[in-house]
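Here the structure is a predicted model, which means the values were calculated and not measured.
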Amino acid sequence: MFFSGHTQKVRERPFPLESHLMPQVPRSNYFHFQEEKQRLQLKKFLLHRLFLVAKITVNIEKKDLAHYYEQVFQSILKHHLGEAVTGVLLMYPTYILHILESSSGTLYRILLDYVDHETKEREYFIQGMKIIVISHNIPTRIFMQWQVSTIKVPVMYLDDVTQSQSLEEVITEFLTQTHKLALYLFKTVKVSTKGPGDNLHQVAPELLLPEQIIKYLYKSEEFMDPKTFLDMYNKPIHVTLDSEVVWPAPSQF
């Protein structure tokens, strides 16, 4: 048997890179997850819920306040992209409770409108507004539309709970009652209808907060006014330190 002394070179094929063998898993993050969730729910922007209290200026017609807010909402959505406003405006004899649901840009401009009037005009529909709670990235609305109700008679309890409860307890009751009211309106008020209107204190008096709680929250110094909130909102997160602008740059350990 004859064997050639010349050994045939075997061409070695390069081994495929491990990265090509690994399955390509799409990478994402929580922000993309939230965007996809909103897209599936047919919403263009993340939703937020805002709870406000304020004092009604003396000799102001409450219907004019409601009409003004309607014009503000329409103007904002006409000139800026954002979600429609839903919620409820409860106008007591002296104070208001305003719950708003919309995108961050729309809520920002609503607060900005109040601050502009507060700084430029001596008299406005409301004064001393306080932000009680902001709920960010809410999964769904609890109000199907924006509606107004005038509470013509004082809603009072036999005992003033603000004298015996802490601020945390008052806030808990505040959120509990407003949530119950929202569920009632969600179940009973049909879309594109005015709802109970000024008869809310007659059809569901047990769901209305007493005005003394609104007054208590209004006078509390623990809550932020819109101007302070907007100043903080516009403040940059990343602050440049003096040591970062000198040359040569200091070495960091």
Side-chain angles (χ1 to χ4, degrees), residues 28-54 65-91 96-120 124-148 171-172 174-176 178-179 181-183 185-186 191 214 217-218 220 222-240:
S28 184
N29 54 36
Y30 185 72
F31 177 72
H32 293 154
F33 171 77
Q34 289 289 343
E35 281 189 328
E36 180 65 14
K37 186 177 179 181
Q38 297 295 320
R39 185 186 68 80
L40 294 176
Q41 295 179 355
L42 302 179
K43 291 183 291 188
K44 298 179 181 179
F45 302 89
L46 295 176
L47 292 174
H48 311 276
R49 187 176 297 120
L50 184 62
F51 295 78
L52 305 170
V53 297
L65 173 59
H67 180 66
Y68 175 78
Y69 267 120
E70 290 179 348
Q71 292 181 326
V72 170
F73 300 158
Q74 294 175 3
S75 176
I76 292 176
L77 293 178
K78 181 179 179 180
H79 297 92
H80 304 278
L81 293 176
E83 290 287 334
V85 178
T86 57
V88 62
L89 172 62
L90 300 180
M91 295 186 290
I96 68 166
L97 166 60
H98 203 178
I99 306 176
L100 298 166
E101 297 173 331
S102 188
S103 51
S104 59
T106 302
L107 296 178
Y108 172 88
R109 290 178 176 86
I110 293 173
L111 294 177
L112 186 61
D113 176 80
Y114 168 79
V115 173
D116 289 342
H117 283 87
E118 187 182 40
T119 55
K120 295 178 181 179
Y124 185 53
F125 295 105
I126 52 178
Q127 56 188 351
M129 179 183 290
K130 294 289 183 65
I131 300 174
I132 307 303
V133 178
I134 302 178
S135 301
H136 294 286
N137 302 340
I138 57 178
T140 185
R141 300 175 187 263
I142 57 176
F143 298 95
M144 293 297 100
Q145 59 189 5
W146 184 78
Q147 48 196 312
V148 182
I171 285 293
T172 300
F174 170 83
L175 293 176
T176 301
T178 52
H179 185 69
L181 176 62
L183 290 179
L185 296 175
F186 180 83
V191 180
I214 309 298
L217 297 176
Y218 169 83
S220 177
E222 301 294 329
F223 302 107
M224 196 175 297
D225 61 90
K227 185 179 185 306
T228 304
F229 173 79
L230 293 180
D231 290 342
M232 184 178 65
Y233 182 90
N234 294 323
K235 187 177 181 180
I237 298 177
H238 302 287
V239 180
T240 303

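- Legend: residues meeting salt bridge (Lys or Arg N to Asp or Glu O under 4.0 Å) with Arg109, ordered by chain and number and at least two apart, are absent.
- Between Leu89 and Ile99, every side-chain heavy-atom pair lies at or beyond the 4.5 Å cut-off.
- Using a 4.5 Å heavy-atom threshold, the side chains of His136 and Arg49 count as separate.
- Between Tyr114 and Ile126 there is a side-chain heavy-atom pair separated by less than 4.5 Å.
- For the pair Thr86/Ile142, no side-chain contact is recorded, criterion being any heavy-atom separation below 4.5 Å from C-beta on.
- Annotation: side chain of Tyr108 is in contact with side chain of Asn234 (closest heavy-atom distance under 4.5 Å).
- Paired with Leu52 under the rule side chain to side chain contact (heavy atoms under 4.5 Å, CB included), one option of Leu97, Leu111, Ile132 passes, and it is Leu111.
- A donor-acceptor pair under 3.5 Å is formed between the side chain of Thr178 and the backbone N or O of Phe174.
- Leu183 CG to Phe143 CZ: the interatomic distance, rounded to the nearest 0.5 Å, is 9.0 Å.
- Between the side chain of His80 and the backbone N or O of Ile76, no donor-acceptor pair lies under 3.5 Å.
- Side-chain atoms of Val133 and Phe223, non-hydrogen and from C-beta on, never get closer than 4.5 Å to each other.
- Taking both residues in full, the closest heavy atoms of His48 and Ser104 are given as CD2-N, 3.4 Å, listed atom of the first, atom of the second, then distance.
- Side chain of Lys130 to backbone of Val53: no donor-acceptor contact under 3.5 angstrom is found.
- To the nearest 0.5 Å, atom CE of residue Met232 and atom OG1 of residue Thr228 are 8.5 Å apart.
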Subject >> Worked verdict on Leu100 versus Phe51 for side chain to side chain contact (heavy atoms under 4.5 Å, CB included) >> reply: CA-CA 7 Å; Leu100 298 166; Phe51 295 78; over 6 Å; no

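- Ring pair Phe125/Tyr68: centre-to-centre distance below 6.0 Å.
- With hydrogens and angles ignored, the 3.5 Å screen pairs no side-chain donor or acceptor of Thr106 with any backbone N or O of Ser102.
- Residues passing the salt bridge (Lys or Arg N to Asp or Glu O under 4.0 Å) test with Asp231 are Lys227, sequence neighbours excluded.
- Looking at heavy atoms from C-beta onward, Leu50 lies out of side-chain contact with Ile110 at the 4.5 angstrom threshold.
- Counting only heavy atoms from C-beta outward, the side chains of Ile134 and Phe229 approach each other to under 4.5 Å.
- Arg141 places a side-chain N or O within 3.5 Å of a backbone atom of Glu101 that can act as its donor or acceptor partner.
- We find the CD-OH distance between Glu118 and Tyr124 to be 10.0 Å, quoted to the nearest 0.5 Å.
- Ile138 CD1 to Leu47 CG: the interatomic distance, rounded to the nearest 0.5 Å, is 5.0 Å.
- Of the inter-residue distances, the one linking His117 atom NE2 with Leu112 atom CG reads 10.5 Å to the nearest 0.5 angstrom.
- Ser103 places a side-chain N or O within donor-acceptor distance of the main-chain N or O of Glu83, the cut-off being under 3.5 Å.
- Listed for the Tyr218 side chain is no donor-acceptor partner under 3.5 Å among the backbone atoms of Met129.
- In terms of heavy-atom proximity, Ala66 sits nearest to Trp146 at O-CH2, 3.7 Å.
- Here His98 and Tyr69 bring their ring centres to under 6.0 angstrom of each other.
- With hydrogens and angles disregarded, a donor-acceptor distance shorter than 3.5 Å links the side chain of Thr119 to the backbone of Val115.
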